[in-house]
Amino acid sequence: MPNLQEISDDNGRINYEMLMSYLLKVTLTDFINEVKHPLLVGKQLYEGDLREPKVPTKTMKFRLQNLFYKKELIANSTSNVPESVGNSNSISRAIYMLRKKSFSQEKADVISIGRVSSNDVVIADYTISRQHAQIIIFHDKYFLIDFKSTNGTRVDKQLIPPNVKVKIEIDSLITFGRFSFVFTSPYDMYQGIRRESFKFV
């Protein structure tokens, strides 16, 4: 059975379909021990698949049919095509792990975020600066710093000043450039994906 490192790419992005399969085979305790830190979950994915939807039956049926169609397209794909720069739908449904790259020059408790491959988390879009921001882990608390990025960083829709440490909490909405992510606990990630997966078992 693969571990999370094997189902994530060099950008720190986790393959959603593989994650769904993986979480059906591991316990919550094992998942939390492996992930350790919250994840950056694209707002569109979080509000669509991971949160229990409260929509009328007809709308729900359409959403499920659409998800089945997407799963079929992914299953029939013969190649793992990298996301293109500016693919907003793809990035808004992405999941990123807070983890260090093996060659990272930053300290172990600092996760760099930006557009270029030298960052620990790479968000390949023109609205993301080369070195956009950092997440600092300190005594199980998380702080975000914007590095004078061109398009700014927001926490819960509030623009944060450059070079100032801002504390982030579980369920905070974090926006880099034009993309928003929910700072999601491993527990919520596990429960949300398993709930979504079992709809199709």
Side-chain angles (χ1 to χ4, degrees), residues 4 7-20 35 37-51 53 63 66-67 70 73-74 80-101 104 106 110-137 142-186 188-189 192-193 196:
L4 282 177
I7 62 176
S8 63
D9 63 18
D10 290 340
N11 294 339
R13 181 171 173 172
I14 301 173
N15 182 296
Y16 181 54
E17 297 298 317
M18 294 176 99
L19 181 61
M20 288 179 80
V35 177
H37 303 298
L39 302 109
L40 292 169
V41 179
K43 184 173 181 280
Q44 185 180 339
L45 174 65
Y46 182 87
E47 293 183 344
D49 294 354
L50 301 185
R51 182 186 287 176
R63 192 182 76 82
N66 190 38
L67 190 54
K70 287 178 188 174
L73 285 180
I74 292 169
N80 187 11
V81 181
E83 70 188 33
S84 59
V85 172
N87 186 346
S88 60
N89 187 54
S90 173
I91 296 175
S92 64
R93 294 182 59 81
I95 302 170
Y96 291 96
M97 263 199 325
L98 299 188
R99 59 90 179 98
K100 301 295 295 178
K101 283 188 174 175
S104 178
E106 298 291 350
V110 175
I111 309 294
S112 60
I113 300 166
R115 190 179 69 241
V116 297
S117 61
S118 57
N119 291 284
D120 298 309
V121 173
V122 180
I123 305 173
D125 183 77
Y126 67 90
T127 64
I128 307 298
S129 295
R130 292 171 61 83
Q131 282 84 38
H132 195 103
Q134 283 183 343
I135 291 178
I136 297 171
I137 304 161
Y142 298 87
F143 300 88
L144 182 65
I145 298 178
D146 177 84
F147 278 163
K148 295 185 178 178
S149 62
T150 303
N151 294 296
T153 302
R154 297 175 185 271
V155 175
D156 296 325
K157 299 184 179 180
Q158 297 296 315
L159 188 67
I160 66 174
N163 299 320
V164 173
K165 278 198 296 188
V166 175
K167 188 178 180 184
I168 49 177
E169 307 282 357
I170 296 301
D171 295 332
S172 288
L173 183 68
I174 302 172
T175 304
F176 305 108
R178 62 179 176 148
F179 295 106
S180 294
F181 300 89
V182 179
F183 200 54
T184 305
S185 72
D188 289 342
M189 184 91 248
I193 286 192
E196 182 67 22

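Residues Gly152 and Asp146 share a closest heavy-atom pair of C-OD1, 3.8 Å. The two residues Arg99 and Asn11 have their closest heavy-atom pair at NH2-C, 3.6 Å. Here the shortest heavy-atom pairing between Pro38 and Pro186 reads CA-CD, 4.1 Å. Asn151 and Gly177 make their closest contact through CB-CA, 3.9 Å (heavy atoms, listed as atom of the first residue, atom of the second, distance). Heavy atoms only, all atoms of each residue included: Ser118 and Gln131 are closest at OG-NE2, 3.9 Å. Residue Ser180 comes nearest to Thr175 through the heavy atom pair OG-OG1, 2.7 Å, listed as atom of the first residue, atom of the second, then distance.
Here the straight-line distance linking atom CG of Leu144 with atom CD1 of Ile174 works out to 5.5 Å at 0.5 Å rounding. Of the inter-residue distances, the one linking Leu45 atom CG with Thr184 atom OG1 reads 8.5 Å to the nearest 0.5 angstrom. Summarising the geometry, atom CD1 belonging to Ile91 is positioned 7.0 Å from atom CD1 belonging to Ile123; distances are rounded to the nearest 0.5 Å. Atom NE2 in His37 sits 10.0 Å away from atom CD1 in Ile135 (nearest 0.5 Å).
Among residues at least two apart or in separate chains, there is no side-chain hydrogen bond (donor to acceptor under 3.5 Å, both in side chains) pair with a member in residues 154-166.
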Step-by-step side-chain contact (heavy atoms from CB on, under 4.5 Å) determination, Asp9 to Asn15: CA-CA 8 Å; Asp9 63 18; Asn15 182 296; over 6 Å; no

Go through Lys100 and Asp120 one step at a time and tell me if the salt bridge (charged side-chain N to carboxylate O under 4.0 Å, His left out) criterion holds. CA-CA 5 Å; Lys100 301 295 295 178; Asp120 298 309; 3.0 Å; yes

So Asp171 and Asp188, side-chain contact (heavy atoms from CB on, under 4.5 Å) or not? Walk me through it. CA-CA 10 Å; Asp171 295 332; Asp188 289 342; 4.1 Å; yes

Start with the C-alpha distance between Asp10 and Val122, add both sets of side-chain angles, then the distance that settles side-chain contact (heavy atoms from CB on, under 4.5 Å), and finish with yes or no. CA-CA 8 Å; Asp10 290 340; Val122 180; over 6 Å; no

Can Thr153 and His132 be said to form a side-chain contact (heavy atoms from CB on, under 4.5 Å), step by step? CA-CA 8 Å; Thr153 302; His132 195 103; 3.1 Å; yes

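The side-chain hydrogen bond (donor to acceptor under 3.5 Å, both in side chains) search around Ser129 returns none, not counting sequence neighbours. Not counting sequence neighbours, Thr150 has no partner by the side-chain hydrogen bond (donor to acceptor under 3.5 Å, both in side chains) test.
Using a 4.5 Å heavy-atom cutoff, the side chains of Arg115 and Asp125 are not in contact. Within the 4.5 Å cutoff, side-chain heavy atoms of Ile95 are placed close to those of Met189.
Listed for the Lys101 side chain is a donor-acceptor partner under 3.5 Å among the backbone atoms of Ser117. The backbone N or O of Arg130 lies less than 3.5 Å from a partner atom in the side chain of Asn119, making a donor-acceptor pair.
Using a 30° and 60° split on the angle between ring planes, Phe181 and Phe176 fall in the tilted class, from 30° to 60°.
Among the candidates Phe143, Tyr96, Tyr142, Tyr46, the single residue satisfying the ring-ring contact (aromatic ring centres under 6.0 Å, His included) test with Phe183 is Tyr142.
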